[in-house]
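Inspection log for the structure reproduced underneath, given as structure tokens.
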Amino acid sequence: MDPIATQITSAVLGPRPKWTFCSANAAMPPLPGGTSQRQPVHSDADFFHPIHPFALVVNVPLVTMSPSNGSTEVWPGTHVADISAQEGAHGDRASGRIKEDHLAERAAVVPPSQPIVEKGSVVVRDLRLWHAGMPNTTDQTRIMLAMIHFAPWYRNRMKLQFCEDIKPILEGLDRDDKLGLAAPVDWISREEALGSYLNRGFGNSYDFDQDP
Ligand SMILES: O=C(O)CCC(=O)C(=O)O
Ligand SMILES: [Fe+2]
């Protein structure tokens, strides 16, 4: 709901993008005596998808992230690759991971990078871009908000699930023309929200594909 982020996503996707995903990624410090692992390089668009932009992920790190605490590895320019570069169908563990030979080939053209991103920054990434969660070698959790804006024409049936407490806030923003997004929400009670917020699906259990 950052106005600049929404201006960018609206310019790329069309007016009033659909905000249907709101979550966060925690890169945990290693367990005592252990090491923390990297994710395989993958695309979150782990299904047959359009060849033009249809979804943008808006990330906001709540702590400054750098290679030491696991800033996301990104592979610039790879949003134009199609699913033939991937292995692991949607629903598999580590779905959307990029085939080894494609990685080597791409790295010779543009190598991946792990940027330093200041706390509170806004990172806008095409859903199709190759990327990977990286090991956090510090003793502090690296936490990053993740919201996805979909093109208004994209037939995605997902809905946000929010506690009724924030209904007046979202409605107020919309009334004052400060939301700039379509936000389909399943409203739940405070009791239900408190009972379920720690028991949600992980990354690729969500289905970002279109309705048939
Ligand atoms: O936490 C990160 O840096 C990236 C996580 C990610 O890409 C995922 O879970 O799909
Ligand atoms: Fe991902």
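Atoms within a ligand are numbered from 1 in the order they appear, just like the ligands themselves.
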- Query: Just checking, is any N or O donor in the side chain of R157 or Q210 under 3.5 Å from an acceptor N or O on the other one?
  - Reply: no
- Query: Under 4.0 Å from ligand 1, counting heavy atoms only, is it the side chain of M134, its backbone, both or neither?
  - Reply: neither
- Between D101 and K99, is the closest basic N to carboxylate O distance under 4.0 Å? no
- Task: Have a look at the Fe ion (ligand 2) and estimate, to 10 degrees, the angle subtended by OD1 (D44) and NE2 (H131).
- Result: 100°
- Query: Considering only protein heavy atoms, which is closest to atom 1 (O) of ligand 1, and at what distance to one decimal place?
  - Reply: R142 NH2, 2.8 Å
- Task: For ligand 1, find out whether one of its N or O atoms is nearer than 3.5 Å to an N or O atom of R125.
- Result: no
- Taking NZ, NE, NH1 and NH2 as the nitrogens, is one of them in R16 or D174 under 4.0 Å from a carboxylate oxygen of the other? yes
- Item | Pair D44-H131, side-chain donor/acceptor within less than 3.5 Å | yes
- Indicate the ring-plane relationship of Y154 and F54, choosing parallel, tilted or perpendicular according to the 30° and 60° boundaries. parallel
- Could you tell me whether ligand 1 has any atom less than 4.0 Å away from a heavy atom of M65? no
- What protein heavy atom is closest to atom 6 (C) of ligand 1, reported as residue, atom name and distance in Å? Q39 OE1, 3.2 Å
- Task: Please work out which of the three classes, parallel, tilted or perpendicular, describes the rings of W153 and H52, given edges at 30° and 60°.
- Result: tilted
- Starting from atom 10 (O) of ligand 1, find the nearest protein heavy-atom neighbour and note its residue, name and distance. H42 NE2, 3.1 Å
- Check the angle between the aromatic planes of F21 and Y206 and answer parallel, tilted or perpendicular using the 30° and 60° thresholds. perpendicular
- Contact atoms of ligand 1, heavy-atom distance to G133 under 4.0 Å: 2 (C), 3 (O), 4 (C)
- Proximity flag E73 to ligand 1, non-hydrogen atoms under 4.0 Å: no
- Can you list the atoms of ligand 1 that are under 4.0 Å from a heavy atom of D44? 10 (O)
